[in-house]
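A short worksheet on the structure shown next.
In listed order, ligands and their atoms are each counted from 1.
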Amino acid sequence: MPDSRSADSALSNSPIEAAFREHTPGSAALAAEAKTHFPSGITHDARHLKPYGVYIERGVGPRKWDVDGNEYVDYFGGHGALLLGHAHPEVTRAATEAMATGTQFGANHPLEIGWANAVKRLVPSVERVRFTSSGTEATHMALRLARDFTGKSKVVRFRTHFHGWHDHMTHGVASQFDGSASPGVLAGVAENILLADPNDLEGLRTLLGAHDDIAAAIIEPIGGSTGYTALNPDFLRALREETAKHGILLILDEVVTGFRLAPGGAQSVFGITPDLSAFAKILAGGMPGGAVGGRKDILDGLDFDAAEQRKREKIGHPGTFNANPVSAAAGTTALRVLAETGACDRANETGAVLRERLNAVLKDQRVPWAFYGAYSIFHLFVQADRPVADPFAFDPSALPAVIMKDRPKELIRQLRLAMLVNGVDLNPACGGLLSATHGPAEIDATVAAFTESLAMLRRAGEIA
Ligand SMILES: Cc1ncc(COP(=O)(O)O)c(C=O)c1O
């Protein structure tokens, strides 16, 4: 077995990191080997953590266990896929049954019909749907449908908003806010994206008025990176009005918000009817899967007969695992369960209590940060030159989105390691997503872990 310490070349003398290493020798050993297989030893950028991330063996409901036997309250939530928690019994049964009867028929199958019905029942703007294998594929297809339908090339996107990793979506999320292309992306692709500032209605009106070649605008309905940079709902409604006025299609990226904020997603909460929506994550019940859905006349771009009638080539869309039976079974079951059991409301209510309890700790300990967010989502604001006097009064939409992204990476890293040592797994920005299975026990454990983590940061001299 490789030397676990070789997982990280630059060993720090942080006592928190030392405690983390002591706590997780099995993860350290696996991380050392992983570095010989994967760039940075990881398979998703969000799993990048120095000295290494924990290796998880199993999960149940709101908790998961690593290879060293440590238990965590989980706020990573399968990158947002697990509104029903880990290994939900009904979803697991449905997926297992589908698995046992064959995973890939190279043919249509009944489960895909049930999945489409489940989506259409919950989201009325979906007249037609096309399943994909991920959210990235869903937003990619949404852009292609919009360009095909309108015959126009440009797409409006909002700075800090994340829509996956295909070429049109990479710059302007965490860097390249000036519109230049990200590494490996053609300048010509980036040039067809018009970056706009969220919450700036005048700027948006000017932009839309200055171009007559815009096919679509795409947006995360609660703000960039799952609401880390908050979006004013009035701006979202104005975007719907302005795009309609200009004949521009509105693509709502509901990859995170869909089936989470409410069974009908953000569009049901804010009363918005998009032309197209992108879905993934909860859609597939913890299995891989995505979908683009919306107006029939736009989805007709994928339809053989419609293309023949219009005498133009259709959009090609193969995809070996589109609507695969296992994802279809898991997704259909998850959508039914969440709609029948009030899962979204339950997660939202627990989210509100968690944010309040964590802010009470900050206030009590005079730590000038704030937890914020909405629904079943929470984020942490920490900026040394912008101390928060009262976390309960913090307004994330008061700061420009690009400035919100400016967090102290080393402090956040130390906090994240401390929280892991204390049994809580947060996301890389020390926020997270709740499931309907999180409850009072998880909140109490999280508050205790956070209180102890602040004490560890104090002892390490990381905070005053
Ligand atoms: C809002 C949003 N859109 C799209 C995506 C991409 O989805 P996937 O990771 O399934 O490709 C994500 C992923 O986190 C997302 O948060």
- Task: Would you list the pairs meeting ring-ring contact (aromatic ring centres under 6.0 Å, His included) in which at least one residue belongs to residues 222-263, sequence neighbours left out?
- Result: Phe158-Phe235, Tyr228-His379, Phe259-Phe279
- Item | Cationic N near anionic O, under 4.0 Å, Glu349 to Arg346 | no
- Any Lys/Arg nitrogen of Arg144 or Asp148 sitting under 4.0 Å from an Asp/Glu carboxylate oxygen of the other? no
- Task: Can you tell me which residues line ligand 1 if we count any heavy atom under 4.0 angstrom from one of its atoms, in chain and number order?
- Result: Ser134, Gly135, Thr136, Phe162, His163, Gly164, Glu220, Asp253, Val255, Val256, Lys281
- In short, Phe76 meets Arg416 closest at the heavy-atom pair CE1-NH2, 3.6 Å
- Query: Taking the inter-plane angle between the rings of Phe378 and Tyr75 on a 0 to 90° scale, is it parallel (under 30°), tilted (30 to 60°) or perpendicular (over 60°)?
  - Reply: perpendicular
- Query: Does the separation of the ring centres of Phe371 and Phe394 fall below 6.0 angstrom?
  - Reply: no
